[in-house]
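Worksheet: the structure to be examined is printed underneath.
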Amino acid sequence: MTHPAYTQDQLLTETDAAKLLSISPRTLRNWRVLGGGPHYVKVSGRCVRYCYADLNTFINQRRQTSTSTSVSVPPVS
């Protein structure tokens with residue numbers, strides 16, 4: 001998956017990352033607390049960013065071909 005506006009090493013805001021994953025920013029916050037979400041970068045105190053390449057990896061690790069396929073990565077809570 002590639003998005004023409006982003007490079008592989010570009011850092012995205014929480015809002016942009018949530019849009020890319022089609023989820024809410026609140027879900028990303030929950031995943032950071034509970035674990036199981038995409039890797040993130042803690043730039044400073046409350047400043048969190050997501051690397052575009054990490055978001056692609058997160059998506060690709062969860063690709064399925066059928067509902068009977070076992071998931072090799074832990075499910076997101």
Side-chain angles (χ1 to χ4, degrees):
M1 178 176 126
T2 60
H3 192 284
Y6 303 123
T7 61
Q8 287 297 310
D9 58 348
Q10 186 166 355
L11 295 178
L12 281 65
T13 65
E14 179 182 70
T15 301
D16 289 338
K19 285 180 186 176
L20 186 70
L21 295 172
S22 299
I23 58 172
S24 73
R26 184 177 190 101
T27 298
L28 281 175
R29 284 183 223 119
N30 287 338
W31 287 349
R32 285 198 306 269
V33 172
L34 300 173
H39 291 131
Y40 61 94
V41 178
K42 186 101 176 205
V43 177
S44 66
R46 292 167 48 176
C47 184
V48 172
R49 296 291 183 263
Y50 290 86
C51 182
Y52 181 70
D54 290 337
L55 295 172
N56 277 331
T57 299
F58 179 77
I59 292 166
N60 290 330
Q61 287 176 338
R62 283 156 179 75
R63 288 187 185 270
Q64 301 293 306
T65 57
S66 73
T67 57
S68 63
T69 304
S70 64
V71 178
S72 62
V73 295
V76 176
S77 302

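Numbering starts at 1 and runs along the sequence shown.
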Contact summary for P25 and A18, nearest pair of heavy atoms: N-CB, 3.7 Å
Spacing of CZ belonging to R32 relative to OH belonging to Y50, to within rounding of 0.5 Å: 4.0 Å
Pairwise distance OG(S24) to CG(N30) - rounded to 0.5 angstrom: 7.5 Å
Flag, side chain of D16 to backbone of L12, donor-acceptor distance under 3.5 Å: no
Sole residue of L28, L20, T57 in side-chain contact (heavy atoms from CB on, under 4.5 Å) with P38: L28
Working for side-chain contact (heavy atoms from CB on, under 4.5 Å), residues L21 and L55: CA-CA 8 Å; L21 295 172; L55 295 172; 4.0 Å; yes
Salt-bridge criterion met for K19 and E14 (N-O under 4.0 Å): no
I59-Y6 co-clustered via ILVMFWY side chain contacts under 4.5 Å: yes
R49 charged N/C atom sitting above Y40 aromatic ring, 6.0 Å / 45°: no
Nearest non-hydrogen partners of G37 and F58, listed with the distance: C-CE1, 3.5 Å
Rounded distance (nearest 0.5 Å) linking atom NE2 of H39 with atom SG of C51: 11.0 Å
Working for side chain to side chain donor-acceptor pair (under 3.5 Å), residues T15 and T13: CA-CA 5 Å; T15 301; T13 65; 4.6 Å; no
Where Y52 and Q8 come nearest, the two heavy atoms and their spacing: CE2-NE2, 3.5 Å
